[in-house]
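All heavy atoms count here, side chains included; hydrogens, waters and symmetry mates do not. Note on naming: letters A, B, ... go to the chains in the order of the sequence lines (proteins, then strands), and numbering restarts at 1 for each one.
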There are 2 protein chains.
Amino acid sequence: MTVTLADVAARAQVSPATVSRVLNGNYPVAASTRERVLKAVDELDYVLNGPASALAAATSDLVGILVNDIADPFFGIMASAIQSEIGGPGGRAGGERLAVVCNTGGSPERELTYLTLLQRQRAAAVVLTGGAVEDAPHKAAVAGKLRRLAEAGTRVVLCGRPPAPETGAIALTFDNRGGGRELTEHLIGLGHRRIGYIAGPEERTTTRHRLEGHRAGLAAHGIEEDPRWTVHGRYDRRSGYEATLELLRRDPSLTAVVAANDSVALGACAALREAGLRIPHEVSVAGFDDLPFSVDAVPALTTVRLPLAEAGARAGRIAMGREEAPPGGIATVRGELMVRGSSGPPRG
Amino acid sequence: MTVTLADVAARAQVSPATVSRVLNGNYPVAASTRERVLKAVDELDYVLNGPASALAAATSDLVGILVNDIADPFFGIMASAIQSEIGGPGGRAGGERLAVVCNTGGSPERELTYLTLLQRQRAAAVVLTGGAVEDAPHKAAVAGKLRRLAEAGTRVVLCGRPPAPETGAIALTFDNRGGGRELTEHLIGLGHRRIGYIAGPEERTTTRHRLEGHRAGLAAHGIEEDPRWTVHGRYDRRSGYEATLELLRRDPSLTAVVAANDSVALGACAALREAGLRIPHEVSVAGFDDLPFSVDAVPALTTVRLPLAEAGARAGRIAMGREEAPPGGIATVRGELMVRGSSGPPRG
DNA sequence: TATCAAATAGAAAGCGCTTGCTATCACGCC
DNA sequence: GGCGTGATAGCAAGCGCTTTCTATTTGATA
């Protein structure tokens with residue numbers, strides 16, 4: 001029924017071993033033999049049985065990529081870059097690896113389950129993207145899984161995630177704190193003193209770091225923060241919209257709103273516009289990430305550009321062992337402040 | 001070193017067969033025995049060897065999702081919906097399947113390679129999203145692969161893709177033609193007669209169908225199309241920007257621009273704004289897809305909403321055999337015209 | 001021409017799991 | 001009290017491939 005290695009061998013009049021060697025190309029096979037085998041493969045339309053070879057060779061060509069939300073370009077861009085370096089189809093021949101993008105939806109349980117699934121598949125490498133959840137037990141559970149994966153020979157890379165000590169995982173961390181601070185200082189420099197902040201979900205590292213950066217910026221300029229100025233929400237547009245209405249209700253005198261990311265900022269812009277407030281004349285807005293659409297917002301969004309594609313590509317190369325890990329297994333990736341039309345001096 | 005079924009069996013004082021049956025839960029095992037086994041699994045931190053069980057059972061829990069561009073929310077949204085129905089982690093217990101999102105980058109070769117890779121992994125199902133490339137040999141090659149996959153028991157579903165006859169693939173097709181026509185007729189209804197069209201890449205079905213719809217709309221109202229009014233490009237913002245400049249150069253008297261999709265439309269808006277043309281007062285703009293950011297554009301984008309999430313979810317359910325295939329294996333998914341601020345009557 | 005070393009091909013032993021079939025055991029029934 | 005019966009558990013034969021080790025061939029060397 002299904003064609004097996006043995007069928008090909010029979011047809012090419014060689015042993016299964018030889019066919020396997022031709023297909024894997026890591027053992028000398030005479031050109032004439034190889035040709036005969038390849039011909040048989042072609043004629044029989046043979047496709048290697050992945051599970052069987054993975055079992056026999058004790059390795060697999062699966063590479064896992066964990067993302068929080070695949071519908072969010074923030075992750076899409078990283079995943080795309082990682083995948084392009086995985087060497088999957090399109091990469092160099094022979095190294096055909098299957099990149100598995102797993103959508104955790106930000107749920108710790110799903111994250112763990114996916115890690116187990118990847119461990120089960122004996123994945124060659126795993127790249128985890130996006131902020132981590134700060135719940136202690138979960139953190140420990142993930143660390144345990146990562147350690148176990150690393151021990152089993154799976155290369156583990158964290159991209160845009162804080163380091164996971166003692167797990168053997170390589171980390172490329174985004175400097176969310178520094179970026180957040182720079183952004184807020186930019187606004188302060190323009191003259192803003194009453195700045196609202198729309199944070200992401202409470203329990204994520206990304207949320208905390210960006211917020212800490214923001215607060216550090218305020219503190220550095222002796223601005224005391226009003227607790228009413230911070231609202232937590234999700235990392236999406238809707239959340240930005242609602243949070244902005246809430247901020248406006250709490251303190252209509254705000255002259256600027258900093259959002260946890262660009263999507264949130266877009267929602268904020270929408271809310272401000274509906275409230276009849278012009279951007280940036282009456283309220284300045286800033287985002288984070290510099291996703292492709294941010295430059296198209298009207299006015300274009302002031303934000304912090306994160307080199308998502310570059311970081312992803314690097315993570316991919318490290319995962320494939322094609323680039324050396326940074327010293328200490330940790331590297332910090334900085335963002336770049338992009339000043340655009342959505343921020344300006346406060347009115348008055 | 002690595003823990004195997006046998007180790008667990010030894011520890012629980014049962015045979016490997018019993019352990020396997022406990023883990024798969026498809027054979028009666030006494031409660032006390034099960035408990036003992038589960039305890040051993042836990043103590044040894046045992047994780048099933050995926051390839052081995054896939055080999056032995058001749059099935060796998062991998063489900064492939066092919067997308068053109070994972071960084072594009074159009075695909076991200078569908079992939080996310082498909083994945084949520086795959087029943088991966090988060091779905092019902094037992095049915096833990098690994099969704100594999102494969103990024104073809106729109107390249108026919110990569111598409112084929114990925115299909116082979118999935119065939120090699122003996123994927124349980126494969127969902128192909130997005131428009132197909134119209135090159136005849138490639139089409140035949142893909143059809144062959146799909147047929148072979150279906151024969152091997154892999155369920156194949158096309159989501160937002162034209163049907164592939166004789167392959168056994170179920171197709172949920174988007175009514176790109178109808179949507180395109182409706183959109184153009186909307187503009188005509190507003191009084192537009194000179195409408196530019198920024199199409200996608202030439203060789204894709206999606207491009208052709210939307211363009212055909214547009215032309216059908218023009219024809220239905222007796223408007224003769226000027227060949228200068230159509231420009232081809234990619235499905236991204238940049239392309240929309242450049243194509244719009246080109247259109248403006250060719251015929252500055254255009255009163256509306258229809259874009260192949262929302263990203264392209266955003267680029268068009270940017271170009272028009274830079275050219276000092278107000279939207280919609282001087283030029284109307286329309287997109288396609290209604291991605292989340294479209295409502296945030298200023299003015300909000302008139303477009304055709306495609307129920308990406310619903311279609312993806314349905315495709316996922318069909319792929320998992322949890323929903324019946326549509327009669328004839330083909331269903332058409334209609335779009336809905338969303339009239340917003342970016343379209344209005346032509347000036348004068 | 002005899003000898004040795006490459007070069008190349010094959011035999012066979014698993015890799016870790018599933019599953020059809022068989023064995024065992026405890027009951028309950030005639 | 002012997003025996004059918006259902007409920008469990010184990011045996012063992014693979015699943016299709018890789019890879020070590022061995023056999024064979026060939027060409028070069030002395």
**Student:** Without decimals, in angstroms, what is the distance between A:R36 CZ and C:dT8 C1'?
**Tutor:** 12 Å
**Student:** What's the CG-P distance between B:L23 and C:dT18, to the nearest Å?
**Tutor:**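 For the pair B:L23 CG and C:dT18 P, the rounded distance is 7 Å.
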**Student:** Does D:dA9 have its OP1 or OP2 closer than 4.0 Å to a side-chain nitrogen or oxygen of B:T33?
**Tutor:** yes
**Student:** Which part of the nucleic acid does A:S20 contact within heavy-atom distance under 4.0 Å: base, sugar-phosphate only, or nothing?
**Tutor:** base
**Student:** Need one value for B:A58: base, sugar-phosphate or nothing, where a base atom within 4.0 Å counts as base even if backbone is also close, heavy atoms only.
**Tutor:** nothing
**Student:** When you check the phosphate oxygens OP1 and OP2 of C:dG10, does a side-chain N or O of A:T18 lie under 4.0 Å from one of them?
**Tutor:**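 For A:T18, the contact criterion (side-chain N or O under 4.0 Å from OP1 or OP2 of C:dG10) is met.
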**Student:** Just how far, in rounded Å, is P of D:dT8 from CD of B:E35?
**Tutor:**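 Interatomic distance, CD of B:E35 to P of D:dT8: 15 Å.
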**Student:** Is it true that B:E166 and B:R147 make a salt bridge, defined as a side-chain N closer than 4.0 Å to a carboxylate O?
**Tutor:** no
**Student:** With nearest nucleotides of DNA chain D determined for B:V14 and B:A57 from heavy-atom distances, which residue corresponds to the more 5′ nucleotide?
**Tutor:** B:V14
**Student:** From CG of B:N49 over to P of C:dC15, roughly how many Å is that when rounded to an integer?
**Tutor:** 12 Å
**Student:** Please state whether the base of C:dG16 and the side chain of A:R122 form at least one donor-acceptor pair under 3.5 Å?
**Tutor:**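 When only heavy-atom distances are counted, A:R122 does not reach the base of C:dG16 through any donor-acceptor pair under 3.5 Å.
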**Student:** Any ion pair linking A:E323 and A:R314 (charged N to carboxylate O, less than 4.0 Å)?
**Tutor:**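 The answer is yes: the pair qualifies as a salt bridge.
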**Student:** Please determine whether a side-chain nitrogen of the Lys or Arg among A:E111 and A:R161 lies less than 4.0 Å from a carboxylate oxygen of the Asp or Glu.
**Tutor:** yes
**Student:** Should the pair B:K39-B:E43 be classified as a salt bridge under the 4.0 Å nitrogen-to-oxygen rule?
**Tutor:**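 Salt bridge present between B:K39 and B:E43.
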**Student:** How many whole angstroms separate atom CZ of B:R120 from atom P of D:dC15?
**Tutor:** 21 Å
**Student:** Of all the choices, C:dG16, D:dT18, C:dA9, which nucleotide is nearest to the side chain of B:T2 once you look at every atom?
**Tutor:** C:dG16
**Student:** Whole angstroms only, please: what is the CG-C1' distance between A:L5 and C:dG10?
**Tutor:**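 About 14 Å, once rounded to whole Å.
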**Student:** Which nucleotide, D:dT8, D:dG16, C:dG16, lies nearest any side-chain atom of B:A52?
**Tutor:**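 Selected nucleotide: C:dG16.
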**Student:** Atom CG of A:N26 to atom P of C:dT8: distance rounded to whole Å?
**Tutor:**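 These atoms are roughly 14 Å apart.
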**Student:** Identify, between B:P16 and B:A31, the residue whose nearest nucleotide on DNA chain D lies closer to the 5' end.
**Tutor:**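 The answer here is B:A31.
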**Student:** Answer yes when B:E85 and B:R322 have at least one side-chain N-carboxylate O distance shorter than 4.0 Å, and no when they do not.
**Tutor:** yes
**Student:** Looking at D:dT20, does its base get a donor-acceptor pair with the side chain of A:R21 below 3.5 Å?
**Tutor:** yes
**Student:** Between C:dG16, D:dT8, D:dT18, which one does the side chain of A:L55 approach most closely?
**Tutor:** C:dG16
**Student:** Is A:N24 close enough to D:dT18 that one of its side-chain N or O atoms is under 4.0 Å from OP1 or OP2 there?
**Tutor:**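 Yes, such a contact exists.
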**Student:** Please determine whether any donor N or O and acceptor N or O are separated by less than 3.5 Å between the side chain of B:Y27 and the base of D:dA9.
**Tutor:** yes
